[in-house]
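Here is the structure we will look at.
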Amino acid sequence: METPSNLVKIASILKPYIEDHEFQNLKSSDHLVNDLNIDSADLVCVVLDVENSYGIVIEDAAIENIKTVADILTIVESTVDK
């Protein structure tokens with residue numbers, strides 16, 4: 001379940017990597033590369049920031065499936081709930 005607090009936290013993690021106009025309209029359905037223009041190098045940084053922020057480890061297989069903001073939320077919420 002997507003919680004507003006997690007979306008806000010993920011948004012704050014993503015903010016340094018995206019343009020202001022894209023950040024203002026951030027939605028969970030946004031594609032990280034196509035909509036937010038996050039390149040593969042920055043995506044690695046995003047994953048590390050998420051791991052550090054939540055105190056979790058995201059498995060390599062899960063990282064390969066991260067395409068949208070919602071994908072990050074799903075991984076975080078399923079990992080934190082364990």
Side-chain angles (χ1 to χ4, degrees):
M1 181 179 123
E2 178 184 312
T3 61
S5 62
N6 279 334
L7 182 58
V8 169
K9 192 170 184 177
I10 295 299
S12 70
I13 291 169
L14 291 172
K15 187 173 183 171
Y17 303 101
I18 59 180
E19 300 289 327
D20 274 346
H21 67 279
E22 293 161 340
F23 181 76
Q24 298 302 320
N25 300 314
L26 188 70
K27 301 179 296 294
S28 62
S29 61
D30 285 341
H31 192 277
L32 298 170
V33 175
N34 297 337
D35 297 327
L36 303 178
N37 298 315
I38 295 176
D39 63 28
S40 58
D42 283 342
L43 185 55
V44 171
C45 294
V46 167
V47 168
L48 291 173
D49 290 348
V50 169
E51 288 179 326
N52 289 334
S53 182
Y54 284 93
I56 60 174
V57 174
I58 300 174
E59 301 296 326
D60 290 343
I63 293 169
E64 293 175 10
N65 293 320
I66 295 175
K67 306 288 186 237
T68 65
V69 174
D71 294 336
I72 296 173
L73 288 165
T74 299
I75 291 168
V76 164
E77 291 172 355
S78 67
T79 305
V80 170
D81 289 344
K82 286 186 178 179

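With Thr68 as reference, Asp71 is the one residue of Ile66, Asp71, Asn65 to meet the side chain to side chain contact (heavy atoms under 4.5 Å, CB included) rule.
For the atom pair CG (Asn6) and OG (Ser28), the distance works out to 12.0 Å, reported to the nearest 0.5 Å. The structure places NZ of Lys67 at 14.0 Å from CG of Asp35, a figure rounded to the nearest 0.5 Å.
By the rule that hydrophobic residues join a cluster once side-chain heavy atoms approach within less than 4.5 Å of another member, Val80 and Leu73 end up as members of one cluster.
Ile10 and Val69 make their closest contact through CG2-CG1, 4.2 Å (heavy atoms, listed as atom of the first residue, atom of the second, distance). Leu26 approaches Ala11 most closely through the heavy-atom pair CD2-CB, 3.4 Å.
When the side chain to side chain donor-acceptor pair (under 3.5 Å) test is applied to Asp49, the partners found at least two apart in sequence or on another chain are Tyr17.
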* Going through the distances and angles, do Leu14 and Leu32 end up as a side-chain contact (heavy atoms from CB on, under 4.5 Å)? -> CA-CA 9 Å; Leu14 291 172; Leu32 298 170; 4.2 Å; yes

* Determine, step by step, whether Ile58 and Ile72 satisfy the side-chain contact (heavy atoms from CB on, under 4.5 Å) criterion, reporting the C-alpha distance in whole Å, the side-chain angles of both residues, the deciding distance to 0.1 Å, and the verdict. => CA-CA 10 Å; Ile58 300 174; Ile72 296 173; over 6 Å; no

* Asked: Should Val76 and Val50 be marked as a side-chain contact (heavy atoms from CB on, under 4.5 Å) after you check the CA-CA gap, both sets of side-chain angles, and the distance that decides it?
  -> CA-CA 8 Å; Val76 164; Val50 169; 3.5 Å; yes

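Within the 3.5 Å criterion, the main-chain N or O of Lys27 finds a donor-acceptor partner in the side chain of Asp30.
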